[in-house]
Amino acid sequence: MSLRVVFMGTPEFAVPSLQALVEAGYEVAGVFTQPDRPKGRGGKVQQSPVKDYALAQGIAVYQPNRIRLDGVEDLRRLAPEICVTAAFGQILSQEVLDIPPMGTVNVHASLLPRHRGAAPVQWAVLQGDGETGVTTMLTDRGIDTGDMLLRCACPITEADTAGTLLHKLSYMGAELLVETLRRLEKGDCPREKQSEALSTYDPMLTKEMGLLDFTEGTQACLRRVRAMDPWPCAYAELGEGALKIWKTKAAEGNPSAAPGTVLWANDKQGLVIATADGGIELVEIQAPNAKRMEAKAFLRGHGMETGKLLHEVKL
RNA sequence: CGCGGGGUAGAGCAGUUUGGUAGCUCGUCGGGCUCAUAACCCGGAGGUCGAGGGUUCAAGUCCCUCCCCCGCAA
(Lines give C-alpha, C1' and ligand atoms only; values in the text may rest on other atoms or scores of the structure.)
Protein backbone atom coordinates (compact mmCIF):
# COMPACT_ATOMS: atom_id res chain seq x y z
CA MET A 1 0.00 0.00 0.00
CA SER A 2 1.41 3.35 -0.93
CA LEU A 3 0.72 6.52 0.89
CA ARG A 4 -2.26 8.72 0.20
CA VAL A 5 -0.76 12.12 -0.52
CA VAL A 6 -2.07 15.63 -1.04
CA PHE A 7 0.30 17.84 -3.01
CA MET A 8 0.57 21.60 -2.72
CA GLY A 9 2.61 23.59 -5.20
CA THR A 10 2.37 26.25 -7.83
CA PRO A 11 5.21 27.13 -10.23
CA GLU A 12 7.35 25.17 -12.65
CA PHE A 13 9.70 24.18 -9.84
CA ALA A 14 6.98 22.10 -8.18
CA VAL A 15 5.94 20.10 -11.23
CA PRO A 16 8.74 17.49 -11.23
CA SER A 17 8.00 16.73 -7.58
CA LEU A 18 4.34 16.12 -8.28
CA GLN A 19 5.22 14.09 -11.33
CA ALA A 20 7.67 12.00 -9.34
CA LEU A 21 4.97 11.19 -6.79
CA VAL A 22 2.61 10.10 -9.51
CA GLU A 23 5.22 8.03 -11.30
CA ALA A 24 6.43 6.45 -8.07
CA GLY A 25 2.93 5.13 -7.60
CA TYR A 26 1.76 7.26 -4.72
CA GLU A 27 -1.94 7.92 -4.51
CA VAL A 28 -2.22 11.66 -5.10
CA ALA A 29 -5.65 12.39 -3.72
CA GLY A 30 -5.68 16.03 -4.64
CA VAL A 31 -3.57 19.04 -5.55
CA PHE A 32 -3.71 22.49 -4.03
CA THR A 33 -2.35 25.37 -6.07
CA GLN A 34 -2.68 29.14 -6.23
CA PRO A 35 -5.86 30.48 -7.86
CA ASP A 36 -5.81 31.36 -11.57
CA ARG A 37 -4.75 34.96 -11.92
CA PRO A 38 -4.55 37.50 -14.72
CA LYS A 39 -1.04 37.30 -16.02
CA GLY A 40 1.03 38.37 -18.94
CA ARG A 41 0.24 40.58 -21.87
CA GLY A 42 -3.42 41.22 -22.51
CA GLY A 43 -4.27 40.48 -18.90
CA LYS A 44 -5.37 36.95 -19.68
CA VAL A 45 -6.13 34.70 -16.76
CA GLN A 46 -3.64 31.87 -16.50
CA GLN A 47 -3.40 28.75 -14.40
CA SER A 48 -0.32 27.49 -12.64
CA PRO A 49 2.02 24.87 -14.17
CA VAL A 50 1.09 22.52 -11.34
CA LYS A 51 -2.58 22.85 -12.24
CA ASP A 52 -1.77 22.14 -15.89
CA TYR A 53 -0.05 18.91 -14.93
CA ALA A 54 -2.63 17.86 -12.36
CA LEU A 55 -5.51 18.32 -14.78
CA ALA A 56 -3.66 16.39 -17.46
CA GLN A 57 -3.31 13.53 -14.94
CA GLY A 58 -6.94 13.74 -13.94
CA ILE A 59 -6.11 14.75 -10.37
CA ALA A 60 -8.62 16.88 -8.45
CA VAL A 61 -7.43 20.50 -8.15
CA TYR A 62 -8.25 22.89 -5.31
CA GLN A 63 -7.47 26.61 -5.46
CA PRO A 64 -8.43 28.33 -2.23
CA ASN A 65 -7.36 31.93 -1.80
CA ARG A 66 -6.04 31.04 1.63
CA ILE A 67 -5.88 27.35 2.40
CA ARG A 68 -5.81 28.09 6.13
CA LEU A 69 -9.13 29.89 5.78
CA ASP A 70 -11.20 28.32 3.04
CA GLY A 71 -9.27 25.18 2.17
CA VAL A 72 -9.34 23.33 5.48
CA GLU A 73 -12.56 21.44 4.86
CA ASP A 74 -11.49 20.26 1.41
CA LEU A 75 -8.18 19.08 2.74
CA ARG A 76 -9.80 17.24 5.64
CA ARG A 77 -12.18 15.52 3.25
CA LEU A 78 -9.25 14.27 1.16
CA ALA A 79 -7.92 12.57 4.28
CA PRO A 80 -4.22 12.56 3.30
CA GLU A 81 -1.83 10.42 5.26
CA ILE A 82 0.88 12.89 4.38
CA CYS A 83 1.05 16.27 2.64
CA VAL A 84 3.82 17.47 0.35
CA THR A 85 4.52 21.11 -0.43
CA ALA A 86 6.87 22.54 -3.05
CA ALA A 87 6.84 26.28 -3.70
CA PHE A 88 3.16 26.47 -2.86
CA GLY A 89 3.12 30.15 -2.03
CA GLN A 90 0.76 30.02 0.90
CA ILE A 91 1.42 29.70 4.60
CA LEU A 92 -0.04 26.67 6.35
CA SER A 93 -1.75 27.12 9.71
CA GLN A 94 -1.43 24.64 12.57
CA GLU A 95 -4.95 23.51 11.76
CA VAL A 96 -3.82 22.56 8.27
CA LEU A 97 -0.60 20.97 9.51
CA ASP A 98 -2.55 18.83 11.97
CA ILE A 99 -4.61 17.14 9.27
CA PRO A 100 -2.14 14.62 7.79
CA PRO A 101 -1.07 12.16 10.51
CA MET A 102 2.41 11.73 9.05
CA GLY A 103 2.94 15.46 8.75
CA THR A 104 3.81 17.72 5.85
CA VAL A 105 7.03 17.39 3.89
CA ASN A 106 8.37 20.47 2.13
CA VAL A 107 10.84 20.51 -0.75
CA HIS A 108 13.02 23.57 -0.29
CA ALA A 109 15.60 24.77 -2.83
CA SER A 110 18.48 25.51 -0.52
CA LEU A 111 20.83 23.82 1.89
CA LEU A 112 18.93 24.73 5.01
CA PRO A 113 19.17 26.42 7.38
CA ARG A 114 20.71 28.86 4.93
CA HIS A 115 18.32 30.77 2.66
CA ARG A 116 14.94 30.27 4.17
CA GLY A 117 12.23 32.11 2.31
CA ALA A 118 10.67 32.28 -1.12
CA ALA A 119 13.74 33.00 -3.25
CA PRO A 120 16.52 30.78 -1.91
CA VAL A 121 18.25 30.06 -5.20
CA GLN A 122 18.35 33.66 -6.29
CA TRP A 123 19.89 34.73 -3.00
CA ALA A 124 22.44 31.95 -3.11
CA VAL A 125 23.63 33.19 -6.49
CA LEU A 126 23.48 36.84 -5.48
CA GLN A 127 25.58 36.25 -2.39
CA GLY A 128 28.16 34.24 -4.28
CA ASP A 129 27.59 30.88 -2.59
CA GLY A 130 29.74 28.12 -4.03
CA GLU A 131 26.96 25.60 -3.81
CA THR A 132 23.27 25.28 -3.26
CA GLY A 133 20.95 22.31 -3.14
CA VAL A 134 17.64 20.93 -2.03
CA THR A 135 16.48 20.01 1.42
CA THR A 136 13.39 18.05 2.38
CA MET A 137 11.95 19.03 5.73
CA LEU A 138 8.98 18.65 7.97
CA THR A 139 6.90 21.78 7.78
CA ASP A 140 6.05 23.56 11.00
CA ARG A 141 4.49 26.91 11.77
CA GLY A 142 7.52 28.99 10.80
CA ILE A 143 8.75 29.78 7.35
CA ASP A 144 11.11 26.97 6.34
CA THR A 145 12.02 26.37 9.98
CA GLY A 146 10.98 22.73 10.38
CA ASP A 147 13.26 19.78 10.99
CA MET A 148 15.43 18.75 8.06
CA LEU A 149 15.13 15.26 6.60
CA LEU A 150 17.33 14.71 3.52
CA ARG A 151 19.47 17.03 1.48
CA CYS A 152 21.37 17.06 -1.77
CA ALA A 153 23.96 19.62 -2.83
CA CYS A 154 24.64 21.15 -6.22
CA PRO A 155 27.58 23.38 -7.18
CA ILE A 156 26.93 26.85 -8.52
CA THR A 157 29.06 27.47 -11.58
CA GLU A 158 29.84 30.64 -13.49
CA ALA A 159 27.46 29.48 -16.18
CA ASP A 160 24.54 29.07 -13.79
CA THR A 161 21.71 31.52 -13.44
CA ALA A 162 18.90 31.33 -10.94
CA GLY A 163 16.87 29.86 -13.77
CA THR A 164 19.25 27.07 -14.70
CA LEU A 165 19.72 26.14 -11.05
CA LEU A 166 16.02 26.16 -10.32
CA HIS A 167 15.56 23.81 -13.22
CA LYS A 168 18.24 21.40 -12.00
CA LEU A 169 17.07 21.61 -8.40
CA SER A 170 13.48 20.92 -9.35
CA TYR A 171 14.49 17.49 -10.63
CA MET A 172 16.93 16.92 -7.82
CA GLY A 173 14.17 17.82 -5.40
CA ALA A 174 11.74 15.44 -7.03
CA GLU A 175 14.13 12.51 -6.55
CA LEU A 176 14.91 13.53 -3.02
CA LEU A 177 11.22 13.82 -2.24
CA VAL A 178 10.48 10.26 -3.30
CA GLU A 179 13.44 8.97 -1.32
CA THR A 180 12.28 10.96 1.69
CA LEU A 181 8.78 9.49 1.56
CA ARG A 182 10.15 5.98 1.15
CA ARG A 183 12.33 6.35 4.20
CA LEU A 184 9.60 7.97 6.23
CA GLU A 185 7.41 4.98 5.44
CA LYS A 186 10.15 2.59 6.48
CA GLY A 187 10.78 4.68 9.54
CA ASP A 188 14.49 5.17 8.95
CA CYS A 189 14.52 8.75 7.71
CA PRO A 190 17.05 10.95 9.51
CA ARG A 191 15.71 14.06 11.13
CA GLU A 192 17.71 17.02 12.30
CA LYS A 193 16.79 20.32 13.89
CA GLN A 194 17.89 23.46 12.08
CA SER A 195 20.55 25.54 13.71
CA GLU A 196 19.03 28.92 14.37
CA ALA A 197 22.48 30.42 14.64
CA LEU A 198 23.37 29.40 11.09
CA SER A 199 19.99 30.21 9.60
CA THR A 200 19.31 33.07 7.23
CA TYR A 201 15.99 34.32 5.93
CA ASP A 202 15.85 36.02 2.56
CA PRO A 203 12.96 38.20 1.40
CA MET A 204 11.11 37.77 -1.86
CA LEU A 205 12.62 39.44 -4.89
CA THR A 206 11.29 42.72 -6.20
CA LYS A 207 11.83 44.30 -9.57
CA GLU A 208 13.98 46.99 -8.02
CA MET A 209 16.49 44.34 -6.97
CA GLY A 210 17.39 43.95 -10.62
CA LEU A 211 18.93 47.42 -10.76
CA LEU A 212 22.66 47.14 -11.36
CA ASP A 213 24.80 49.39 -9.24
CA PHE A 214 28.07 50.00 -11.05
CA THR A 215 29.56 51.51 -7.93
CA GLU A 216 29.69 47.93 -6.71
CA GLY A 217 32.52 45.79 -7.93
CA THR A 218 32.47 43.82 -11.15
CA GLN A 219 31.93 40.48 -9.40
CA ALA A 220 28.89 41.77 -7.52
CA CYS A 221 27.39 43.02 -10.80
CA LEU A 222 28.05 39.70 -12.53
CA ARG A 223 26.34 37.85 -9.70
CA ARG A 224 23.32 40.10 -9.75
CA VAL A 225 22.83 39.48 -13.46
CA ARG A 226 22.89 35.72 -12.92
CA ALA A 227 20.70 35.88 -9.82
CA MET A 228 17.98 37.97 -11.47
CA ASP A 229 17.74 35.72 -14.54
CA PRO A 230 15.02 34.92 -15.57
CA TRP A 231 13.10 37.18 -13.20
CA PRO A 232 13.08 40.05 -12.55
CA CYS A 233 16.12 40.43 -14.85
CA ALA A 234 18.99 42.78 -14.12
CA TYR A 235 18.79 46.20 -15.68
CA ALA A 236 20.53 49.54 -15.87
CA GLU A 237 18.88 52.91 -16.07
CA LEU A 238 19.15 54.84 -19.31
CA GLY A 239 18.40 58.45 -20.14
CA GLU A 240 14.98 57.14 -21.02
CA GLY A 241 13.77 53.78 -19.81
CA ALA A 242 15.76 50.79 -18.70
CA LEU A 243 18.23 48.49 -20.40
CA LYS A 244 17.66 44.90 -19.43
CA ILE A 245 20.86 42.94 -19.07
CA TRP A 246 20.84 39.19 -19.61
CA LYS A 247 24.45 38.19 -19.95
CA THR A 248 27.65 39.83 -18.85
CA LYS A 249 31.32 39.10 -18.39
CA ALA A 250 34.20 40.79 -16.67
CA ALA A 251 36.12 43.28 -18.78
CA GLU A 252 39.06 45.58 -18.42
CA GLY A 253 38.12 48.87 -16.82
CA ASN A 254 39.50 52.36 -16.81
CA PRO A 255 40.49 53.62 -13.35
CA SER A 256 39.94 57.22 -14.31
CA ALA A 257 36.36 56.66 -15.49
CA ALA A 258 33.48 56.99 -13.04
CA PRO A 259 31.50 53.81 -12.39
CA GLY A 260 28.69 53.63 -14.92
CA THR A 261 30.69 55.25 -17.72
CA VAL A 262 30.32 53.73 -21.18
CA LEU A 263 33.89 52.71 -21.99
CA TRP A 264 33.29 50.98 -25.30
CA ALA A 265 30.28 50.74 -27.56
CA ASN A 266 31.01 49.14 -30.90
CA ASP A 267 30.40 45.83 -32.55
CA LYS A 268 34.00 44.72 -32.21
CA GLN A 269 34.69 45.32 -28.54
CA GLY A 270 31.11 45.26 -27.43
CA LEU A 271 29.44 47.36 -24.78
CA VAL A 272 31.67 47.84 -21.76
CA ILE A 273 30.76 49.80 -18.64
CA ALA A 274 33.10 50.95 -15.87
CA THR A 275 32.50 49.56 -12.38
CA ALA A 276 34.06 50.45 -9.05
CA ASP A 277 36.98 48.10 -9.55
CA GLY A 278 37.12 47.40 -13.28
CA GLY A 279 34.70 46.95 -16.09
CA ILE A 280 31.81 44.77 -17.14
CA GLU A 281 30.85 43.83 -20.66
CA LEU A 282 27.13 43.75 -21.33
CA VAL A 283 27.05 40.77 -23.67
CA GLU A 284 23.35 40.23 -24.13
CA ILE A 285 20.90 43.06 -23.61
CA GLN A 286 17.32 44.05 -24.25
CA ALA A 287 16.38 47.63 -25.03
CA PRO A 288 12.89 48.95 -24.22
CA ASN A 289 10.31 47.52 -26.62
CA ALA A 290 12.95 45.38 -28.23
CA LYS A 291 13.77 41.76 -28.08
CA ARG A 292 16.74 40.41 -26.31
CA MET A 293 19.90 40.29 -28.41
CA GLU A 294 23.66 40.38 -28.32
CA ALA A 295 24.91 43.85 -27.50
CA LYS A 296 27.24 43.72 -30.50
CA ALA A 297 24.26 43.12 -32.76
CA PHE A 298 22.35 45.90 -31.09
CA LEU A 299 25.20 48.31 -31.70
CA ARG A 300 25.17 47.63 -35.45
CA GLY A 301 21.82 49.30 -35.69
CA HIS A 302 22.12 51.85 -32.89
CA GLY A 303 24.93 54.26 -32.21
CA MET A 304 25.93 54.74 -28.60
CA GLU A 305 28.24 57.47 -27.40
CA THR A 306 31.17 56.46 -25.24
CA GLY A 307 32.48 58.48 -22.33
CA LYS A 308 29.00 59.26 -20.99
CA LEU A 309 27.35 57.65 -18.02
CA LEU A 310 25.02 54.87 -19.08
CA HIS A 311 22.09 56.41 -17.25
CA GLU A 312 22.47 59.54 -19.38
CA VAL A 313 22.52 57.69 -22.68
CA LYS A 314 19.52 58.08 -24.97
CA LEU A 315 18.95 55.36 -27.51
C1' C B 1 -11.68 44.04 -24.80
C1' G B 2 -5.50 46.83 -19.54
C1' C B 3 -1.52 50.45 -22.10
C1' G B 4 2.26 50.47 -25.81
C1' G B 5 6.46 49.18 -29.57
C1' G B 6 7.66 46.14 -33.67
C1' G B 7 7.98 42.28 -38.14
C1' U B 8 12.59 45.36 -44.66
C1' A B 9 19.33 40.38 -47.17
C1' G B 10 22.41 35.58 -42.41
C1' A B 11 22.42 39.70 -37.90
C1' G B 12 21.14 44.76 -36.17
C1' C B 13 18.65 48.99 -38.19
C1' A B 14 16.98 53.33 -41.74
C1' G B 15 13.28 54.27 -45.35
C1' U B 16 6.54 54.65 -44.43
C1' U B 17 4.58 61.46 -42.59
C1' U B 18 4.85 63.93 -48.64
C1' G B 19 3.35 56.46 -53.11
C1' G B 20 7.75 56.71 -58.29
C1' U B 21 14.51 51.83 -59.70
C1' A B 22 15.24 48.88 -51.76
C1' G B 23 19.51 51.51 -48.42
C1' C B 24 23.20 51.60 -43.97
C1' U B 25 26.42 49.01 -40.43
C1' C B 26 28.12 43.97 -39.78
C1' G B 27 28.72 39.13 -41.53
C1' U B 28 29.72 36.16 -45.93
C1' C B 29 32.39 35.09 -50.83
C1' G B 30 36.42 36.80 -54.26
C1' G B 31 40.64 40.09 -55.08
C1' G B 32 44.27 43.73 -53.28
C1' C B 33 47.32 46.19 -49.52
C1' U B 34 50.18 46.35 -44.63
C1' C B 35 55.76 44.62 -39.99
C1' A B 36 51.12 45.37 -37.71
C1' U B 37 45.73 46.73 -36.10
C1' A B 38 38.52 46.87 -33.48
C1' A B 39 42.67 47.13 -39.68
C1' C B 40 42.15 49.31 -44.60
C1' C B 41 40.87 49.44 -50.13
C1' C B 42 38.19 47.20 -54.48
C1' G B 43 34.48 43.87 -56.21
C1' G B 44 30.35 40.14 -55.76
C1' A B 45 26.36 37.16 -53.89
C1' G B 46 22.21 37.48 -50.98
C1' G B 47 15.14 40.67 -50.27
C1' U B 48 8.13 37.26 -52.75
C1' C B 49 9.79 44.51 -47.51
C1' G B 50 5.30 38.92 -41.81
C1' A B 51 0.48 36.86 -44.77
C1' G B 52 -3.92 37.87 -47.64
C1' G B 53 -7.13 41.28 -49.95
C1' G B 54 -8.19 46.44 -51.67
C1' U B 55 -7.12 51.57 -53.87
C1' U B 56 -3.69 53.28 -57.88
C1' C B 57 -0.62 54.09 -64.16
C1' A B 58 2.56 52.81 -59.90
C1' A B 59 2.42 50.32 -52.92
C1' G B 60 7.85 48.71 -48.17
C1' U B 61 4.95 53.42 -48.14
C1' C B 62 -2.35 54.52 -48.27
C1' C B 63 -7.08 51.32 -46.58
C1' C B 64 -9.16 46.53 -44.44
C1' U B 65 -8.38 41.53 -42.35
C1' C B 66 -5.22 37.97 -40.16
C1' C B 67 -0.56 35.75 -38.08
C1' C B 68 3.83 36.29 -35.16
C1' C B 69 7.46 38.88 -31.69
C1' C B 70 8.45 42.25 -27.75
C1' G B 71 8.14 46.38 -23.66
C1' C B 72 5.02 48.21 -19.49
C1' A B 73 1.40 46.97 -16.06
C1' A B 74 -0.57 42.82 -13.22
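Order of the sequence lines sets the chain letters (A, B, ...), proteins ahead of strands, with each chain counted from 1.
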**OP:** Using both distances under 3.5 Å as the test, list the Watson-Crick or G-U wobble partner of B:rG43, or none.
**Re:** B:rC29
Original post:
Any Lys/Arg nitrogen of A:Glu81 or A:Arg4 sitting under 4.0 Å from an Asp/Glu carboxylate oxygen of the other?
Top reply: no
Original post:
Any side-chain donor-acceptor pair under 3.5 Å between A:Thr33 and A:Ser48?
Top reply: yes
Original post:
Considering only heavy atoms, which members of residues 246-255 of chain A lie under 4.0 Å from some atom of RNA chain B?
Top reply: none
Original post:
A:Trp231 has an atom CH2; how far is it from atom C1' of B:rA73, in whole Å?
Top reply: 13 Å
**OP:** Using Watson-Crick or G-U wobble geometry with both distances below 3.5 Å, tell me the partner of B:rG2, or none.
**Re:** B:rC72
Original post:
Does the distance from a Lys or Arg side-chain N to an Asp or Glu carboxylate O, for A:Asp36 and A:Lys51, drop under 4.0 Å?
Top reply: yes
Original post:
Among all residues two or more places apart in sequence or in another chain, which pass the salt bridge (charged side-chain N to carboxylate O under 4.0 Å, His left out) test with A:Glu208?
Top reply: none
Original post:
Do any of residues 260-274 of chain A sit with a heavy atom less than 4.0 Å from RNA chain B, and if so which?
Top reply: A:Trp264, A:Asn266, A:Asp267, A:Lys268, A:Gln269
Subject >> Residues A:Asp74 and A:Arg77 bridged, charged N to O under 4.0 Å >> reply: yes
Original post:
Quick one: CD on A:Gln286 to CE on A:Met293, what's the gap to the nearest 0.5 Å?
Top reply: 8.0 Å
**OP:** Provide the distance between the two C1' atoms, one in B:rC62 and one in B:rU18, to the nearest whole Å.
**Re:** 12 Å
Subject >> Pairing nucleotide - B:rC66, Watson-Crick or G-U, each distance under 3.5 Å >> reply: B:rG50
Original post:
What distance do A:Thr180 atom OG1 and A:Glu185 atom CD have between them, rounded to the nearest 0.5 Å?
Top reply: 11.5 Å
Subject >> Separation of B:rG71 P from A:Lys207 NZ (nearest whole Å) >> reply: 11 Å
**OP:** Write down the distance separating the C1' atoms in B:rA22 and B:rC40, rounded off to the nearest Å.
**Re:** 28 Å
Original post:
Given that both distances must come in under 3.5 Å, which nucleotide forms a Watson-Crick or G-U wobble pair with B:rU61?
Top reply: none
**OP:** Among residues two or more places apart or on two chains, list those pairs meeting side chain to side chain donor-acceptor pair (under 3.5 Å) that have a residue in residues 251-265 of chain A.
**Re:** A:Asn254-A:Ser256
Original post:
Using a cut-off of 4.0 Å on non-hydrogen atoms, how would the nucleic acid contact of A:Gly241 be classed: base, sugar-phosphate, or nothing?
Top reply: nothing
Subject >> Sugar-phosphate, base or nothing in reach of A:Arg292, heavy atoms under 4.0 Å >> reply: nothing
Original post:
Quick check: are there more than 12 heavy atoms from other residues, nucleotides or ligands sitting under 6.0 Å from CD of A:Glu284?
Top reply: yes
**OP:** Using the C1' atoms only, state how far B:rC63 lies from B:rC42, rounded to an integer number of Å.
**Re:** 46 Å
Subject >> Span that lies between the C1' atom of B:rG4 and that of B:rG43, in whole angstrom >> reply: 45 Å
Subject >> Whole-Å gap separating C1' (B:rC69) and CD (A:Gln286) >> reply: 11 Å
Original post:
Which whole number of Å gives the distance between the C1' atom of B:rG60 and that of B:rC29?
Top reply: 28 Å
Subject >> Sugar-phosphate, base or nothing in reach of A:Lys244, heavy atoms under 4.0 Å >> reply: sugar-phosphate
**OP:** Take atom P in B:rG50 and the same atom in B:rA59, then report the distance between them in whole Å.
**Re:** 15 Å
Original post:
When you look at CG of A:Leu55, are more than 12 heavy atoms from neighbouring residues, nucleotides or ligands closer to it than 6.0 Å?
Top reply: yes
Subject >> A:Asn289 CG - B:rC68 C1' separation (whole Å) >> reply: 17 Å
**OP:** Sugar-phosphate means primed atoms, P, OP1 and OP2; the rest is base. With that split, encode nucleotides 8-13 of chain B 5' to 3' as B, S or - using protein heavy atoms under 4.0 Å.
**Re:** ---BBS
**OP:** Indicate whether the side chain of A:Gln34 and that of A:Gln90 have a donor and an acceptor atom separated by less than 3.5 Å.
**Re:** yes
**OP:** Looking only at non-hydrogen atoms, find the nearest pair between A:His115 and A:Ser110 and report the distance.
**Re:** O-OG, 3.4 Å
**OP:** Could you work out the separation of B:rU25 and B:rC35 based on their P atoms and round it to a whole Å?
**Re:** 28 Å
**OP:** Applying salt bridge (charged side-chain N to carboxylate O under 4.0 Å, His left out), name anything that partners A:Arg183, two or more places apart in sequence or on another chain.
**Re:** A:Glu179, A:Asp188
**OP:** Please measure how far the P atom in B:rC13 lies from the corresponding atom in B:rU8, and state the result in whole Å.
**Re:** 9 Å
**OP:** Could you say whether A:Gly43 or A:Gly40 is positioned toward the 5' end of RNA chain B, judged by the nucleotide with the nearest heavy atom to each?
**Re:** A:Gly43
